[in-house]
2 protein chains.
Amino acid sequence: MQDLLVGFISRYVSLTEDEKKAIVSLDIFRSVKKGTTLLKEGQHSKDLYFVIKGCIRTYYIIDGEEKTTAFYTEMDALTPHCAISNAPSDYFISAVEDSIISVGEMEVNIFEKFPKFETLCRILSEELLAKQQINFDEFKTSSPEQRYLNLLQKRPDLVQRVPQHQLASFLGIKPQSLSRLRARILEKSKR
Amino acid sequence: MQDLLVGFISRYVSLTEDEKKAIVSLDIFRSVKKGTTLLKEGQHSKDLYFVIKGCIRTYYIIDGEEKTTAFYTEMDALTPHCAISNAPSDYFISAVEDSIISVGEMEVNIFEKFPKFETLCRILSEELLAKQQINFDEFKTSSPEQRYLNLLQKRPDLVQRVPQHQLASFLGIKPQSLSRLRARILEKSKR
DNA sequence: TAAATTCGTTCACTTAAGTTAAGAAATGAA
DNA sequence: TTCATTTCTTAACTTAAGTGAACGAATTTA
């Protein structure tokens, strides 16, 4: 299981045997049940998450309503804002399915101890920023229906494994609108 | 003018006099007229931009229509995807106003020559990623009207200095809808 | 297993954005 | 300065999302 994490990191920076051992010893592997909350709004935490198996999500609670903004599945890394900004978190993180995750700690002087880790973080942030930018641009420039069809192409698994009402807020609409939109698409494809 | 760039960088990493000189000598300051295109779709470029004065924007052309996705004003840094991914750009960058920008080059071994530059890039990417994430989340969880009111709070200058049709696509709507929405808000505030 | 809650869908109705078109105002170029 | 183009607004109509409610299905929990 540790190999997956080491393998993931090795795609970005080459690691010595010692470094591999250090990572494995630093990281804790946690098995979490569906619905478990890993981080709550208002909490401080320096934890970084890497999904080995399963699915976790981030969501806000606005006017008592859950607004899911992101899903993280196998081989996805999640760095909560509060881990780098040391402000309290303004969102929640919880498990969509039974999952196995690796939880790392954001230590104060980690970059001095492991300069390679800074390179890894730079590359990951840059890559993520680029992806995020593209996602945002696509979101802005398309309608809810297009966004749903786009999701079907890019992350077909999500549509299957995630509850519809969570998907809806991820797409920026209400659950009823997602239902209707799907019925509309089905209707079109019949004709 | 160089001081602004050095000052900006100094907020993130401390610089020696030699490093300051190196930055100033590496960077080119360009004065660009309103409407000038700095980067076109399909082009390859390793240029990084830092806005000293004025405003530049990124936009896609989709079905012959311009879709503005971001604005960069004083003290904003813009790292185009193509500069880090070495794929051709899929968007345009152009000046909204007459602007003065600093154009840096993304060199191959820059991080080996200047380890501090890697720290700078990591911090900037992390910070930007966090901001971007929050922006995206806010966008998803609010209506066009809320987004416009939000923009009025957060970047009131943009609403003044940027053409309405560019603002509209930035808000994810059509120019006509923005006009109507503004009229609606005005109507509400009267009553 | 039974009751209670949550979830997904459908419906009717309301609200707001997209679309097409037209005209006025501002801007830029000859 | 004048003409042409672009930009902004308004309007009428169309389309789709929000809202509130209802109901069956699925899932939890007692």
Side-chain angles (χ1 to χ4, degrees), chain A residues 33-37 55 57 59 61-68 71 92 94-98 139-152 158-188 190-191, chain B residues 32-37 55 57 59 61-68 71 92 94-98 139-151 158-188 190-191:
Chain A
K33 280 256 162 266
K34 178 176 174 177
T36 308
T37 300
C55 179
R57 63 190 252 262
Y59 62 97
I61 293 189
I62 299 172
D63 302 328
E65 246 185 297
E66 280 189 15
K67 304 271 191 175
T68 299
F71 296 102
F92 296 76
S94 82
V96 174
E97 309 170 339
D98 292 352
F139 193 93
K140 266 189 189 173
T141 58
S142 56
S143 66
E145 183 169 328
Q146 287 173 314
R147 297 200 287 255
Y148 175 74
L149 291 169
N150 200 241
L151 194 69
L152 272 179
L158 271 194
V159 184
Q160 299 305 319
R161 68 206 284 194
V162 162
Q164 296 299 304
H165 66 282
Q166 288 175 17
L167 254 195
S169 67
F170 180 68
L171 292 169
I173 56 176
K174 303 285 160 190
Q176 299 94 314
S177 297
L178 179 55
S179 261
R180 175 170 42 196
L181 178 159
R182 296 178 64 176
R184 196 166 62 220
I185 290 170
L186 208 71
E187 202 49 44
K188 279 182 195 165
K190 266 192 217 159
R191 275 181 291 108
Chain B
V32 292
K33 279 255 162 266
K34 179 177 174 176
T36 309
T37 300
C55 178
R57 63 190 251 262
Y59 62 97
I61 293 189
I62 298 172
D63 303 327
E65 244 184 299
E66 279 189 15
K67 305 272 191 174
T68 299
F71 296 102
F92 296 76
S94 82
V96 175
E97 309 171 338
D98 292 351
F139 192 94
K140 267 189 188 172
T141 58
S142 56
S143 66
E145 183 169 326
Q146 288 173 314
R147 296 199 288 256
Y148 175 74
L149 291 169
N150 200 240
L151 194 70
L158 270 194
V159 183
Q160 300 304 320
R161 69 206 285 195
V162 161
Q164 298 298 305
H165 66 283
Q166 288 174 17
L167 254 195
S169 66
F170 179 68
L171 292 170
I173 56 176
K174 303 285 158 191
Q176 298 92 316
S177 298
L178 179 55
S179 261
R180 175 171 41 196
L181 178 159
R182 296 178 64 180
R184 196 165 62 220
I185 290 169
L186 208 71
E187 201 49 44
K188 278 182 195 165
K190 264 192 219 162
R191 276 183 291 110

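If you're wondering where the values come from, they're calculated on a predicted model, not measured in any experiment. Sequence lines set the chain letters: A, B, ... in the order given, protein chains first and strands last, and positions in each chain run from 1.
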ask   = Under 4.0 Å between a side-chain N or O of A:Ser179 and OP1 or OP2 of C:dT9?
value = yes
inquiry  = I need the CD-P distance between B:Glu97 and C:dG28, as an integer number of Å.
reply    = 12 Å
task = Report the distance from atom CD of A:Glu66 to atom C1' of C:dT6, rounded to the nearest whole Å.
result = 12 Å
query = Can you tell me how far C1' of D:dG18 sits from CD of B:Glu145, to the nearest Å?
reply = 14 Å
inquiry  = If I take atom CD1 in residue A:Ile173 and atom C1' in nucleotide C:dT15, what distance separates them, rounded to the nearest angstrom?
reply    = 16 Å
inquiry  = Using a distance-only criterion (donor-acceptor N/O pair, under 3.5 Å, no hydrogens), is the base of C:dG8 paired with the side chain of A:Arg182?
reply    = no
ask   = Parallel under 30°, tilted from 30 to 60°, perpendicular over 60°: which one fits the rings of A:Phe139 and B:Phe139?
value = perpendicular
request  = Counting heavy atoms from C-beta on, name the nucleotide in D:dG20, D:dG18, D:dT10 closest to the side chain of B:Gln176.
outcome  = D:dT10
B:Gln166 side chain vs B:Pro163 backbone, donor-acceptor pair below 3.5 Å = no
inquiry  = Strictly below 4.0 Å, N to O, side chains only: are A:Lys34 and A:Asp98 in salt-bridge contact?
reply    = no
inquiry  = Tell me the interatomic distance from A:Leu186, atom CG, to C:dT10, atom P, rounded to whole angstroms.
reply    = 9 Å
query = Can a side chain N or O of A:His165 be found less than 4.0 Å away from OP1 or OP2 on C:dG8?
reply = yes
message = Check the phosphate of C:dG28 against B:Lys34, side-chain N and O only, distance under 4.0 Å to OP1 or OP2. Yes or no?
response = yes
ask   = What is the distance from CZ of B:Arg184 to C1' of D:dT10, rounded to the nearest Å?
value = 14 Å
query = Nearest heavy-atom pair of B:Ala168 and B:Leu178: which atoms, and what distance?
reply = N-CD2, 3.8 Å
request  = Measure the spacing between OG1 of A:Thr141 and OH of B:Tyr59 and express it to the nearest 0.5 Å.
outcome  = 15.5 Å
request  = Check whether the side chain of B:Arg180 and the base of C:dG18 form a donor-acceptor pair under 3.5 Å.
outcome  = yes
remark   = Here the distance between atom P of D:dT19 and atom CG of A:Leu178, to the nearest Å, is 15 Å
query = Could you give the NZ-to-C1' distance, from A:Lys188 to D:dT15, as a whole number of Å?
reply = 10 Å
